[in-house]
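Each ligand, and each atom within it, is numbered from 1 in the order the structure gives. Each residue takes its place number in the sequence, starting with 1.
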Amino acid sequence: MRQELSLLQRFADMFLKDVNLGVILMNTDFQLIDISDTACRVLGLQREHVLHKPMDYVFKDLPAEHRIVDPRILDGMVVRNQAVSWTNNQERYELLVDSNVLRDEQGQVVGACIMFKDVTNLRSLEEQVQRSDRLAMIGQIAAGTAHEIRNPLTSIKGFLQVFRKTFQEQGMIRESDYTDVMLREINRINELVNEFLLLSKPKNATYEEVDVSQVVRELLPIINNEAILHKVTVQYEAVYGLPRVIADREHLKQVFLNICKNGIEAMGDGGFLTIAEKMDPEERRVSVDIHDTGPGIPMYVIDKIFDPFFTTKAEGTGLGLSVCQRIIHDIGGHIRVSSKGFGTTFTVSIPFP
Ligand SMILES: Nc1ncnc2c1ncn2[C@@H]1O[C@H](COP(=O)(O)OP(=O)(O)OP(=O)(O)O)[C@@H](O)[C@H]1O
Ligand SMILES: [Mg+2]
């Protein structure tokens, strides 16, 4: 009997310590009797602060419908695999919640337990799969049409250049100005088509050892130029001797430029753009934080910003960030974004060998 008890005890202990399981035990007075470490971490609670406290006190900062502990559980309401989104300190968790009443030998309700699993990774995996499906489809369409667009453009461009030369020789200033405009517009189409091709076929990348600091430094004049137009001040925090990463130099430039441009565009008129390099020797990653003091990105928009064609700008293509993500994923890195109401930080993190 004794041994059995200790086995049960051990099982219960393990339950509370299990890193994968959030457990909350409560009595019939709706008081919290015990809580597992994981539950504390995910819910942002401190065990010693909430033990033996009424649930209403534990979740006092939350409206009733957002508390994952429902008093009706004590009346026998059973919850199975309920999907709940939980945000604590800006970190978002996707939880699967189960709950059940606990009864004594006579069948009397003596309390209840709530258990949940953190399935955030699974959910984001699902989203990633959907996203890459979409990307693949767009890639196929893009690859099919981009070349067909580019070839005629090349000949139009060639003939326009001939026109311009003739116009200039004949002193036809107005006509030659028109051809300048046409050539500029053609260049814009070409750039767009190039982005398409990059989305669909990032294979023509040339990978080499790249010094991220050097890439950023080469870009600074261009970024500054853009910044001055918007009265933005650029700050650059370099790290000396960053390890080299394996990447395509031009693609990497495009990533930083796109993200910086987004930051500058978001600020509209005046603000600070900070580019800060970081190194994580344990994770073997080099990262670059690009922070702006703009209005931030609303929660309902943030999930979509990496989608191709998602834009909130009148002149935007919405391809910028999806191309960036494609490039960084291809070299084993990731782009994270955090926006806490005021200002936005994009973190580009790249592994080094
Ligand atoms: N730093 C930022 N602050 C606020 N919103 C941002 C920021 N960066 C991106 N966004 C949002 O993400 C959307 C998508 O960005 P993305 O770069 O993919 O396309 P775009 O900038 O709209 O178009 P394009 O890059 O072709 O000019 C933007 O329209 C904007 O709403
Ligand atoms: Mg952009």
Protein contact of atom 19 (O) of ligand 1 - nearest heavy atom, named by residue and atom, plus distance: Gly318 CA, 3.3 Å

Residue, atom name and distance, where the atom is the protein heavy atom closest to atom 21 (O) of ligand 1: Lys313 NZ, 2.7 Å

Closest to atom 17 (O) of ligand 1 among protein heavy atoms sits Asn262 ND2, 2.8 Å

Shortest protein contact, atom 15 (O) of ligand 1 (heavy atom only): Leu321 CD1, 3.7 Å

When you measure from atom 31 (O) of ligand 1 to each heavy atom in Ile297, Thr317, Thr345, Thr312, which option holds the nearest one? Thr312

Taking Arg336 for the side chain and Phe346 for the main chain, is one N or O donor matched with an acceptor at less than 3.5 Å? no

Which residue and atom name correspond to the protein heavy atom nearest atom 27 (O) of ligand 1, and how close is it? Gly316 CA, 4.0 Å

Treating Asp211 as the side-chain partner and Arg244 as the backbone partner, does any N or O pair qualify as donor plus acceptor under 3.5 Å? no

Is a side-chain N or O of Asn27 found less than 3.5 angstrom from the main chain of Asp29, in a donor-acceptor match? yes

Out of Ala266, Cys260, Gly320, Ala314, the nearest non-hydrogen contact to atom 3 (N) of ligand 1 is supplied by Ala266

Proximal atoms of ligand 1 relative to Gly263 (non-hydrogen, under 4.0 Å): 1 (N)

Counting only protein N, O or S atoms (no waters) closer than 2.8 Å to the Mg ion (ligand 2) gives 1

Quick one: look up the protein heavy atom nearest atom 14 (C) of ligand 1 and list residue, atom name and how far away it is. Phe310 O, 3.3 Å

Taking atom types as modelled and ignoring hydrogens, do the side chains of Asp289 and Thr347 form a donor-acceptor contact shorter than 3.5 angstrom? yes

I'd like to know if the side chain of His49 reaches the main chain of Leu45, judged simply by a donor and an acceptor atom lying under 3.5 Å from each other, with no hydrogens or angles considered. no

Does only the side chain of Asp292 get under 4.0 Å from ligand 1, or the backbone, or both, or neither? Count heavy atoms. side chain

Check if Thr344 has a non-hydrogen atom at a distance under 4.0 Å from any atom of ligand 1. yes

Rounded to the nearest 0.5 Å, what separates atom CD in Gln108 from atom OG1 in Thr28? 9.5 Å

Between ligand 1 and Phe346, can you find any atom pair, the residue atom being a heavy atom, that is separated by under 4.0 Å? yes

Please confirm whether the backbone N or O of Gln168 pairs with a side-chain atom of Ser176, one donor and one acceptor, at under 3.5 Å? no

Would you kindly say whether Ser213 and Glu277 are connected by a side-chain donor-acceptor distance under 3.5 Å? yes

With no hydrogens and no angle check, is any side-chain donor or acceptor of Thr120 less than 3.5 Å from a backbone partner on Glu94? yes

Would you say the side-chain atoms of Asp307 pair up with the backbone N or O of Phe310, donor to acceptor, closer than 3.5 Å? no

I'd like the name of whichever of Val301, Ile305, Val323, Thr311 reaches closest to atom 12 (O) of ligand 1 through any heavy atom. Ile305

So is Gly294 touching ligand 1 or not, going by heavy atoms under 4.0 Å? no

Look at atom CZ of Arg80 and say whether more than 12 heavy atoms of other residues, nucleotides or ligands are closer to it than 6.0 Å. yes

Any sub-3.5 Å donor-acceptor pair from Ser36's side-chain atoms to Leu21's backbone N or O? yes

Spell out, as yes or no, whether a donor-acceptor pair under 3.5 Å connects the side chain of Lys253 to the backbone of Arg249. no

